[in-house]
A.B. asks: 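If you scroll down you'll find the structure; I have some questions about it.
If you read the sequence from its start, that first residue is 1, and numbering goes on from there. All of these numbers come straight from a predicted model, not from anything done at the bench.
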Amino acid sequence: MTLAQWTEVDDYFNGLLVGPDEALDAAVEAGDGAGLPAIQVAANQGKLLNLLARLQGARTVLEIGTLGGYSTIWLARALPEGGKVVTLEADPAYAEVARANIERAGLADVVEIRVGRALDTLPELAAQGHGPFDVVFIDADKPSNPDYLAWSLKLTRPGSLIIADNVVRDGEVVDGASEDPKVQGVRRFTELVAAEPTLTATALQTVGSKGYDGLMMALVTGQAPESR
């Protein structure tokens, strides 16, 4: 199995189940043109986020890590009238690209972009009374994932869904001796999820056009493990 074959399979399913999308395609092109790293979710993964938010009946979404707004658009499109995505981006240049992409998609009234380190803007959200959010999507700097989990728990409620991307790290997540801070951040994040009595979670390995990685989904239950 190779990346080329994984990409071909992605292309097959995307062609039938996702299809072309002018706003999303333009968002990718704008990000490439502005020199953003090509680390946005794949099209089928974006559609998965959209479906999960719709299944959740979400009206409010918190996204930690905006990049060029690609996943933001997928999430915003899942919301009913009056819904809101609050997305956090540390890099002002990335945020400007995202803002233009979101406006082009006709979602400027649905999405609020907050610029600054998420560990600074998350306390501001809490202090301003935002939340509880129905869905939280964590896709930012992995060493901070444990802190993002702590804030996600403060900004959600029983029934909320927390999704974290890039948790497999090409399989390196199993290496407890890894010196990669991204790997260690994901490992600590996973340990904290496993130990949190108000969460029930699973993780899935994925292969595709983005290579070998995976995502974690955690449901906030508000209940002890024996009651799940």
Side-chain angles (χ1 to χ4, degrees), residues 39 41-42 44-46 48-58 60-67 71 74-75 78 86-88 90 117-123 125-126 130-208 210-228:
I39 55 175
V41 299
N44 52 354
Q45 295 168 342
L48 176 62
L49 292 174
N50 178 278
L51 292 177
L52 288 172
R54 290 168 65 183
L55 287 167
Q56 184 72 359
T60 56
V61 174
L62 171 63
E63 180 182 49
I64 303 174
T66 314
L67 193 62
S71 55
W74 275 114
L75 289 164
V86 177
T87 184
L88 313 180
R117 292 178 65 252
L119 294 182
D120 295 327
T121 52
L122 285 164
L125 283 176
H130 287 271
F133 291 93
D134 301 316
V135 173
V136 176
F137 180 45
I138 302 173
D139 191 14
D141 58 308
K142 309 312 171 194
S144 297
N145 269 15
D147 296 312
Y148 296 152
L149 176 64
W151 281 106
S152 296
L153 290 171
K154 293 176 182 178
L155 290 165
T156 52
R157 55 165 177 78
S160 294
L161 181 65
I162 300 170
I163 307 166
D165 197 16
N166 307 126
V167 298
V168 172
R169 316 297 312 169
D170 270 330
E172 294 181 20
V173 70
V174 300
D175 183 6
S178 173
E179 296 182 359
D180 186 338
K182 296 178 181 179
V183 171
Q184 290 300 334
V186 169
R187 285 178 61 88
R188 181 57 182 154
F189 171 80
T190 304
E191 292 163 0
L192 290 169
V193 169
E196 174 53 52
T198 64
L199 293 177
T200 182
T202 193
L204 298 175
Q205 301 179 75
T206 61
V207 295
K210 294 294 182 179
Y212 174 36
D213 214 320
L215 56 84
M216 184 181 298
M217 293 173 286
L219 181 69
V220 182
T221 65
Q223 298 176 325
E226 61 270 19
S227 302
R228 295 177 187 174

A.B. asks: Below 4.5 Å, heavy atoms only, C-beta onward: do Leu204 and Met217 meet side chain to side chain?
C.D. replies: yes
A.B. asks: State, yes or no, whether a side-chain contact exists between Leu62 and Trp151 at a heavy-atom distance under 4.5 Å.
C.D. replies: no
A.B. asks: Check whether any side-chain N or O of Asn50 sits under 3.5 Å from a backbone N or O of Leu75 as a donor-acceptor pair, and report yes or no.
C.D. replies: no
A.B. asks: Grab the two heavy atoms, one from Gly65 and one from Ala140, that are nearest each other, plus how far apart they are.
C.D. replies: CA-CB, 4.0 Å
A.B. asks: If you count the non-hydrogen atoms of other residues, nucleotides and ligands that lie under 6.0 Å from CZ in Arg54, is the total more than 12?
C.D. replies: no
A.B. asks: Does Asp141 form a salt bridge (Lys or Arg N to Asp or Glu O under 4.0 Å) with Lys182? I'd like the steps, not just the answer.
C.D. replies: CA-CA 7 Å; Asp141 58 308; Lys182 296 178 181 179; over 6 Å; no
A.B. asks: Looking at Gln184 and Gly176, would you say the former's side chain and the latter's main chain have a donor-acceptor pair under 3.5 Å?
C.D. replies: yes
A.B. asks: Donor-acceptor pair, Ser160 side chain versus Phe133 backbone, under 3.5 Å?
C.D. replies: yes
A.B. asks: Would you find a donor on one side and an acceptor on the other, under 3.5 Å apart, between the side chain of Arg117 and the backbone of Ala90?
C.D. replies: no
A.B. asks: If I compare all heavy atoms of Met216 with all of Val167, which pair ends up nearest, and what's the gap?
C.D. replies: N-CG2, 4.0 Å
A.B. asks: Answer whether the closest heavy-atom distance between the side chains of Ile162 and Leu199 falls below 4.5 Å.
C.D. replies: yes
A.B. asks: Identify the residue among Asp213, Val41, Leu49, Ile39 that makes a side chain to side chain contact (heavy atoms under 4.5 Å, CB included) with Asp165.
C.D. replies: Val41
A.B. asks: Can Val136 and Thr156 be said to form a side chain to side chain contact (heavy atoms under 4.5 Å, CB included), step by step?
C.D. replies: CA-CA 8 Å; Val136 176; Thr156 52; 3.6 Å; yes
A.B. asks: With no hydrogens and no angle check, is any side-chain donor or acceptor of Thr198 less than 3.5 Å from a backbone partner on Val220?
C.D. replies: no
A.B. asks: Donor-acceptor pair, distance only, cut-off 3.5 Å: does the side chain of Gln56 make one with the backbone of Gly159?
C.D. replies: yes
A.B. asks: Which is it for Leu125 and Leu88 under the side chain to side chain contact (heavy atoms under 4.5 Å, CB included) test, yes or no, and what are the steps along the way?
C.D. replies: CA-CA 10 Å; Leu125 283 176; Leu88 313 180; 4.1 Å; yes
A.B. asks: Would you name the heavy atoms of Gly171 and Val174 that are closest together and state the gap between them?
C.D. replies: O-CG2, 3.2 Å
